[in-house]
Amino acid sequence: MENGKIRPDVVSYNTMIKGYCKAGKTQKAMELLRVMESINLEPDKITYMTLMQACYSEGIFDSCLALYHEMGEKGCEVPPHAYSLVVGGLCKEGKCLEGYVVFENMIRNGLKANVAVYTTLIDAFAKCGKMEEALELFERMKTDGLEPDEVSYGVIVNGLCKSGRLDEAMEYLRFCRANKVAVNAMFYSSLIDGLGKAGRVDEAQKLFEEMVEKDCPRDSYCYNALIDALAKCGRVNEALMLFNRMKDEGCDQTVYTYTILISGLFRERKNEEAMKLWDMMIDKGITPTAASFRALSIGLCLSGKVTRACKILDDLAPMGAIPETAFEDMIYVLCKAGRVKEACKLADGIVDRGREIPGRIRTVLINALRKAGNANLAMKLMHSKIGIGYDRVGSIKRRVKFRILLEI
DNA sequence: TTAGGGTTAG
């Protein structure tokens, strides 16, 4: 005690750290931890847990992991929730194997896993395409004396649907209904989407209609899944009827709904209707995403309206919603449709804006030119950048624009 | 009780 002042202890620091975390100032809170270290004040379990929770909530998973290691190294007791946060963070980053290692550490240290940690891991494995491992963990969880709940069944069913194992997924639906496990909208939307993608649209439709009887309110995910299934199998009129029903039912029509329908309408050459939906979406104040613009530009480019697509893209650019790669997507689509000349023209347009065509798009153009029988130009493109480059004539180097159409 | 799940395209 110097100068009559009381030196702050761990509790005072923890209180300040919690205050900063609550105010969303996680960085400031982390700085306080370093201050504690500099004055030789040992952080405790609460210090670390407060900081880990804040880092996890903000998605700063590497700091979360670092704190977990630090508390272990300092011989601090590591509570189960610390493991949950680390496993959850690693899984969210797609690192399911690393998450699994931490999970095993937790068990080795005598702590018991719970349903949420198991479910996090199961979902991460399913998303990495390791469905067998996900199912093994699911079995292990039950052997461990833990009862899976609606979320655990939901991630299993979602994983099975995504990997095309629909009959097994449907078996789980029957099981849950028979065993009084709640079947919620996410459960249904996974099945409707999976059935639709497998071409079993009528079954998808039946499930969708069944939801009312089963007292499960339909949300936009369920609607979007069925609208997508209908639009993709040439039943876009039925999809549009659902779109209207959605509004009557008070269900949000989202940017996904519009994107699905715009693609479906263009597919059936209903270009004007597709454009109308795009305008409706913009009028409603729904911000277009990269995917929605892709649907629109693919449709417009393939119906010969490349200029119109470019104009919309230019108008949207200031909104910042459309990625830099939008023009490249358009070149890709045109090449795929064999409209190489239009693709080249678009590429040249990008060059005139002072930008360069990236390697992968150049590859697409080269292959398209070769396919179209223009092997010479394809060869030439292989050896030069499209865009601003340098030309060497003897010892003189000069800056040139390389445009494709000039070469044809 | 703090932590776990979902859609557009290719």
Side-chain angles (χ1 to χ4, degrees), chain A residues 18 21 45-46 49-50 52-54 56-57 61 64 79-92 99 103 106 113-127 134 137-138 141 146 148-162 169 182-194 196-197 204 218-229 231-232 239 246 251-264 266-267 277 281 286 288-299 323 325-326 328-330 332-333 336 360 364:
Chain A
K18 191 165 186 179
C21 289
K45 191 173 81 174
I46 295 176
M49 290 310 293
T50 309
M52 279 183 77
Q53 182 68 61
Y56 180 84
S57 307
F61 301 131
C64 197
H81 188 49
Y83 288 96
S84 296
L85 292 172
V86 173
V87 173
L90 289 168
C91 285
K92 279 211 172 102
F103 170 82
M106 171 172 97
N114 58 27
V115 179
V117 185
Y118 264 111
T119 306
T120 305
L121 270 173
I122 291 169
D123 185 51
F125 274 106
K127 288 210 173 78
L137 266 175
F138 188 60
M141 167 178 166
L146 293 166
D149 62 10
E150 55 181 295
V151 181
S152 329
Y153 279 106
V155 304
I156 286 289
V157 166
N158 189 247
L160 287 170
C161 287
K162 288 270 172 345
V183 178
N184 55 29
M186 183 206 144
F187 205 119
Y188 277 107
S189 75
S190 298
L191 282 167
I192 293 167
D193 188 61
K197 290 207 163 53
R218 288 183 286 235
D219 62 9
S220 70
Y221 289 86
C222 298
Y223 266 102
N224 292 344
L226 186 57
I227 289 176
D228 187 48
K232 288 221 171 64
M246 210 171 169
C251 201
D252 259 353
Q253 295 159 325
T254 67
V255 66
Y256 291 89
T257 322
Y258 283 97
T259 306
I260 292 162
L261 282 167
I262 289 166
S263 307
F266 273 123
R267 202 191 315 271
L277 266 186
M281 177 176 90
I286 296 172
T289 58
S292 62
F293 180 75
R294 192 178 303 129
L296 179 80
S297 66
I298 289 173
T325 56
E328 295 158 22
D329 285 339
M330 283 158 60
Y332 180 80
V333 170
K336 229 178 77 180
R360 58 177 191 286
V364 170

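Below, each value reflects all heavy atoms present in this structure, side chains not excepted, and no hydrogens, waters or symmetry copies. Sequence lines set the chain letters: A, B, ... in the order given, protein chains first and strands last, and positions in each chain run from 1. Since the model is a prediction, treat every value here as computed from it, not as a measurement.
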Atom pair [atom1] ([X]) and [atom2] ([Y]), whose distance is rounded to the nearest 0.5 Å:
X: A:Y223; Y: A:S189; atom1: OH; atom2: OG; answer: 13.5 Å
X: A:F187; Y: A:I156; atom1: CZ; atom2: CD1; answer: 10.0 Å
X: A:T289; Y: A:Y256; atom1: OG1; atom2: OH; answer: 7.0 Å
X: A:M246; Y: A:C222; atom1: CE; atom2: SG; answer: 9.5 Å

For the base of [N], is there a side-chain donor-acceptor partner from [X] under 3.5 Å away?
X: A:T120; N: B:dG5; answer: no
X: A:N114; N: B:dA3; answer: yes
X: A:N184; N: B:dG5; answer: yes

Nucleotide nearest [X] (side chain, heavy atoms from C-beta), chosen from [options]:
X: A:T119; options: B:dG4, B:dG6, B:dA3; answer: B:dG4
X: A:A116; options: B:dG6, B:dA9, B:dA3; answer: B:dA3
X: A:Y221; options: B:dT7, B:dA3, B:dT8; answer: B:dT7
X: A:S152; options: B:dT8, B:dG4, B:dA9; answer: B:dG4
X: A:D123; options: B:dA3, B:dA9, B:dG6; answer: B:dG6
X: A:S84; options: B:dG4, B:dA3, B:dT8; answer: B:dA3
X: A:I260; options: B:dG6, B:dT8, B:dG4; answer: B:dT8
X: A:D219; options: B:dT8, B:dG6, B:dT2; answer: B:dG6
X: A:K336; options: B:dA9, B:dG10, B:dG6; answer: B:dG10

Return the value, rounded to whole Å, for the distance between atom [atom1] of [X] and atom [atom2] of [N].
X: A:K92; N: B:dG6; atom1: NZ; atom2: P; answer: 9 Å
X: A:Y83; N: B:dG4; atom1: OH; atom2: P; answer: 19 Å
X: A:D228; N: B:dT7; atom1: CG; atom2: P; answer: 12 Å
X: A:F266; N: B:dA9; atom1: CZ; atom2: C1'; answer: 15 Å
X: A:Y258; N: B:dT8; atom1: OH; atom2: P; answer: 19 Å
X: A:Y332; N: B:dA9; atom1: OH; atom2: C1'; answer: 10 Å
X: A:L90; N: B:dG4; atom1: CG; atom2: P; answer: 14 Å
X: A:D193; N: B:dT7; atom1: CG; atom2: C1'; answer: 6 Å

Ignoring backbone atoms, test whether [X] places a side-chain nitrogen or oxygen under 4.0 Å from the OP1 or OP2 oxygen of [N].
X: A:Y153; N: B:dG4; value: no
X: A:K45; N: B:dT2; value: no
X: A:K232; N: B:dA9; value: yes

### Query
What residues form a side-chain hydrogen bond (donor to acceptor under 3.5 Å, both in side chains) with A:Y83, not counting sequence neighbours?
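Checked A:Y83 against side-chain hydrogen bond (donor to acceptor under 3.5 Å, both in side chains); matches are A:N109.
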
### Task
Using the aromatic ring of A:Y256 (for Trp, its six-membered ring), decide whether it stacks on the base of B:dT8 within the limits of 5.5 Å and 30°.
no

Remember a base hit wins even if backbone is also touched, and classify [X] as base, sugar-phosphate or nothing at under 4.0 Å, heavy atoms.
X: A:A225; result: nothing
X: A:Y223; result: nothing
X: A:V155; result: sugar-phosphate
X: A:A295; result: nothing
X: A:V255; result: nothing

### Query
Which pair of heavy atoms, one from A:T259 and one from A:A291, lies closest together, and at what distance?
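Distance-wise, the nearest heavy atoms are CG2-O, 3.8 Å.
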
### Query
When you measure from the side chain of A:D329 to the backbone N and O of A:Y332, does any donor-acceptor pair fall under 3.5 Å?
no

